[in-house]
Amino acid sequence: MGLSNQSVPKGHQTPLKSEEAIRSAVKNLVEEVHVVDVHTHLFPPNHGKLMLWGIDELLTYHYLVAEYFITAPATITPEKFFALEKQAQADLVWDSLFIQRSPISEACRGVITTLTELGLGELVERRDLDGVRKWFAKQTPEGYVDKVFELAKIKYVLTTNIPFEKKETVHWYPKTKEFDTNRFHTGLRVDQLLTGNWESIKEALDEMGIEHTIEGVKKLLEKWITIIKPKYFMAAVPPTLEFPSDEEMSTYAPSTINSATLLRRVLLPLAEQHHLPIAFKFDSVRPINPALREGGDGVVTTKVSTLQKLCLNYPKVKFLATFLARVNQHELCVLANKFGNLHIYGCWWYCNNPSIVEEITRIRVELLGTAFTSQHSDARVLDQLIYKWKHSKAVIGGVLQDMYVKLFHAGWSLTREEIQRDVERLFGGAYEEFMEK
Ligand code: RAT
Ligand code: ZN
């Protein structure tokens with residue numbers, strides 16, 4: 001006896017009938033989904049020079065600069081390179097990584113995908129860098145934001161706003177410029193607290209006439225919460241930072257303000273009071289080759305247990321987390337499986353390579369289902385949204401096809417609408433649900 005139509009849940013009347021139909025639906029739904037990009041370094045047009053876009057910025061992205069220096073002649077030192085105009089730097093990168101050899105790395109291929117998606121395939125075919133520059137010269141920042149958001153299918157992005165960087169804060173204080181909050185959501189970046197960079201904290205305190213105390217730092221951040229209305233705090237966790245024990249905290253002397261005290265007396269209490277999650281980034285080490293500037297940072301394996309202690313001891317604080325070391329990904333998934341106040345996001349930086357994205361996504365789906373955010377772009381240059389999302393979607397979509405086909409063979413019928421609901425979760429919905437908890 002078959003099931004009567006009444007026992008079929010609403011919306012489940014037309015399940016997909018074959019493996020091929022499932023694969024094709026997943027592929028299409030992932031390609032078409034509009035994403036929430038939960039971490040970028042982008043700025044809107046009215047923040048002037050902080051908004052990076054165009055071919056010269058793409059070619060001088062720090063991932064490419066680091067790659068260029070593996071090939072550069074000894075006569076071109078990082079010092080000489082960075083003293084050049086941006087266009088001249090871009091020329092060197094283009095010649096070395098795109099002309100002298102094939103642009104086969106992930107960061108190089110990204111430039112090609114971006115230009116192709118922008119419709120510049122013929123110029124790429126002719127290796128016509130000048131032609132590409134001429135095309136970019138005709139774009140306006142505002143029009144280009146529209147174009148990129150549409151091409152990359154972005155709902156909105158989270159930005160990185162550093163209250164200790166004068167070149168950024170001038171856009172907010174004393175007078176706040178309008179921020180396109182439909183497309184750009186702010187994030188308050190506070191690495192300086194965890195690195196104990198007291199010099200730059202002091203400068204920011206002085207700028208607002210606040211006293212140099214723990215309470216003063218709290219006041220400072222509260223002011224910035226009011227000014228930029230962030231969705232979360234964000235900080236990269238230095239590899240040396242260990243979660244301080246109660247004993248260490250009780251013996252702290254007010255005269256020694258260090259990262260442990262700033263974490264436990266400023267950041268965590270503020271997060272709780274203002275219901276602001278903290279987005280942590282673990283496993284980066286800065287820098288391992290300072291001459292390369294932003295491209296000089298490395299990866300190190302830190303203890304996932306630092307995050308476990310935070311989740312356990314601060315149940316009222318919500319944590320978002322991403323790890324850079326490949327070996328930590330499995331342990332991180334197990335942790336996220338145990339704590340409702342933890343949400344994993346993205347495959348970060350050196351993990352944002354197809355082989356690693358694929359591996360990480362498989363582990364995450366197997367352990368967490370759809371309760372994580374599959375990717376963030378970390379774009380610094382607006383145009384990068386195009387390739388970072390296209391490349392990631394291709395890999396994540398492939399993994400999801402396999403997962404749904406396995407489920408289908410296990411005996412679970414699926415509709416297009418059900419798959420769409422899950423895909424939307426993985427590309428931003430799960431983040432939004434976590435934020436609303
Ligand atoms: O991926 C990157 O661009 C890195 O340089 C870092 O900025 C990293 O994403 C971070 O936010 O710390
Ligand atoms: Zn970043």
Side-chain angles (χ1 to χ4, degrees), residues 1-38 113 116-117 149-156 329-330 333 336-337 340 343-347 351-377 385-437:
M1 218 171 62
L3 286 171
S4 82
N5 247 357
Q6 270 159 340
S7 61
V8 177
K10 200 167 173 283
H12 193 74
Q13 283 84 352
T14 51
L16 297 160
K17 295 236 159 34
S18 65
E19 186 172 324
E20 291 66 41
I22 290 175
R23 286 199 183 274
S24 142
V26 176
K27 183 171 182 294
N28 174 259
L29 286 166
V30 171
E31 278 168 6
E32 292 306 317
V33 69
H34 280 63
V35 309
V36 176
D37 195 335
V38 305
T113 302
T116 307
E117 291 292 305
F149 268 63
E150 198 184 313
L151 267 178
K153 302 193 175 73
I154 308 290
K155 251 192 221 164
Y156 60 89
Q329 302 300 331
H330 179 242
C333 277
N337 180 262
H343 183 82
I344 299 183
Y345 68 96
C347 303
C351 285
N352 190 2
N353 290 315
S355 60
I356 305 181
V357 174
E358 172 162 358
E359 176 182 289
I360 294 178
T361 307
R362 278 187 200 281
I363 304 175
R364 288 180 179 172
V365 175
E366 283 165 359
L367 275 162
L368 305 171
T370 57
F372 68 97
T373 297
S374 61
Q375 188 54 308
H376 69 272
S377 75
L385 290 173
I386 299 172
Y387 93 79
K388 296 223 185 205
W389 282 106
K390 192 170 170 71
H391 289 191
S392 291
K393 280 179 164 187
V395 178
I396 295 163
V399 172
L400 291 179
Q401 285 184 39
D402 293 350
M403 298 296 177
Y404 283 110
V405 165
K406 280 185 201 168
L407 183 59
F408 174 68
H409 288 310
W412 186 255
S413 61
L414 289 151
T415 63
R416 191 180 164 85
E417 292 69 29
E418 286 168 331
I419 298 175
Q420 180 170 13
R421 171 202 61 197
D422 299 346
V423 167
E424 281 172 0
R425 276 216 166 85
L426 290 169
F427 286 89
Y431 159 80
E432 289 181 332
E433 282 169 350
F434 179 77
M435 298 297 278
E436 274 163 26
K437 261 192 193 178

Given Lys390 and Leu151, is the side chain to side chain contact (heavy atoms under 4.5 Å, CB included) satisfied, shown in steps? CA-CA 10 Å; Lys390 192 170 170 71; Leu151 267 178; over 6 Å; no
Can you check whether Arg362 reaches Asp402 side chain to side chain, under 4.5 Å on heavy atoms? yes
Please check this pair: side chain of Ser374 against backbone of Leu426, looking for a donor-acceptor N/O pair closer than 3.5 Å. yes
Kindly compute the distance separating CD (Gln329) from OG1 (Thr361), expressed to the nearest 0.5 Å. 10.0 Å
When you compare the side chain of Asp422 with that of Leu400, does any pair of heavy atoms fall below 4.5 Å? no
Considering all heavy atoms of both residues, which atom of His376 and which atom of Tyr345 are nearest to each other, and what is their separation? ND1-CD1, 3.6 Å
How long is the gap from CD1 on Ile419 to CG on Leu29, to the nearest 0.5 Å? 6.5 Å
For Lys153, does the NZ atom sit with more than 12 other heavy atoms under 6.0 Å from it, leaving out its own atoms? yes
Shortest non-hydrogen pair, Ser392 vs Asn352, comes out as OG-OD1, 3.8 Å
With a 4.5 Å limit on heavy-atom distance, are the side chains of Ile22 and Leu414 in contact? yes
Any Lys/Arg nitrogen of Arg421 or Glu417 sitting under 4.0 Å from an Asp/Glu carboxylate oxygen of the other? no
With heavy-atom distances below 4.5 Å as the criterion, would you say the side chains of Glu32 and Gln420 are in contact? no
Heavy-atom closest contact (Leu16 atom, Thr415 atom, distance): CD1-C, 4.1 Å
Which atoms form the tightest heavy-atom contact between Leu367 and Cys333, and what is the distance? CD1-CB, 3.5 Å
Hey, does Arg364 have a side-chain heavy atom less than 4.5 Å from the side chain of Cys347? yes
Calculate, to the nearest 0.5 Å, the distance between atoms NE2 and NZ belonging to His34 and Lys155 respectively. 9.0 Å
Test side chain to side chain donor-acceptor pair (under 3.5 Å) applied to Asp37 - qualifying residues, sequence neighbours left out: Ser377, Trp389
Nearest non-hydrogen partners of Ile356 and Cys351, listed with the distance: CB-O, 3.6 Å
Donor-acceptor contact present, side-chain Gln375 to main-chain Phe427, <3.5 Å: no
Are Glu424 and Val33 close enough, and set up right, to give a side chain to side chain contact (heavy atoms under 4.5 Å, CB included), and what steps lead you there? CA-CA 7 Å; Glu424 281 172 0; Val33 69; 3.9 Å; yes
Give every donor-acceptor pair under 3.5 Å between a side-chain atom in residues 430-437 and any protein atom, sequence neighbours left out.
{"unit_1": "Glu432", "atom_1": "OE2", "unit_2": "Tyr156", "atom_2": "OH", "d": "2.6"}
{"unit_1": "Glu433", "atom_1": "OE1", "unit_2": "Arg425", "atom_2": "NE", "d": "3.0"}
{"unit_1": "Glu433", "atom_1": "OE2", "unit_2": "Arg425", "atom_2": "NE", "d": "3.1"}
{"unit_1": "Glu433", "atom_1": "OE2", "unit_2": "Arg425", "atom_2": "NH2", "d": "3.0"}
{"unit_1": "Lys437", "atom_1": "NZ", "unit_2": "Gly340", "atom_2": "O", "d": "2.6"}

Hey, what do you get for CD1 (Ile344) to OG1 (Thr373), rounding to the nearest 0.5 Å? 9.5 Å
Just verifying a value: how many Å separate His391 NE2 and Ile386 CD1, rounded to the nearest 0.5 Å? 11.0 Å
Is any side-chain heavy atom of Glu31 closer than 4.5 Å to a side-chain heavy atom of Lys393? no
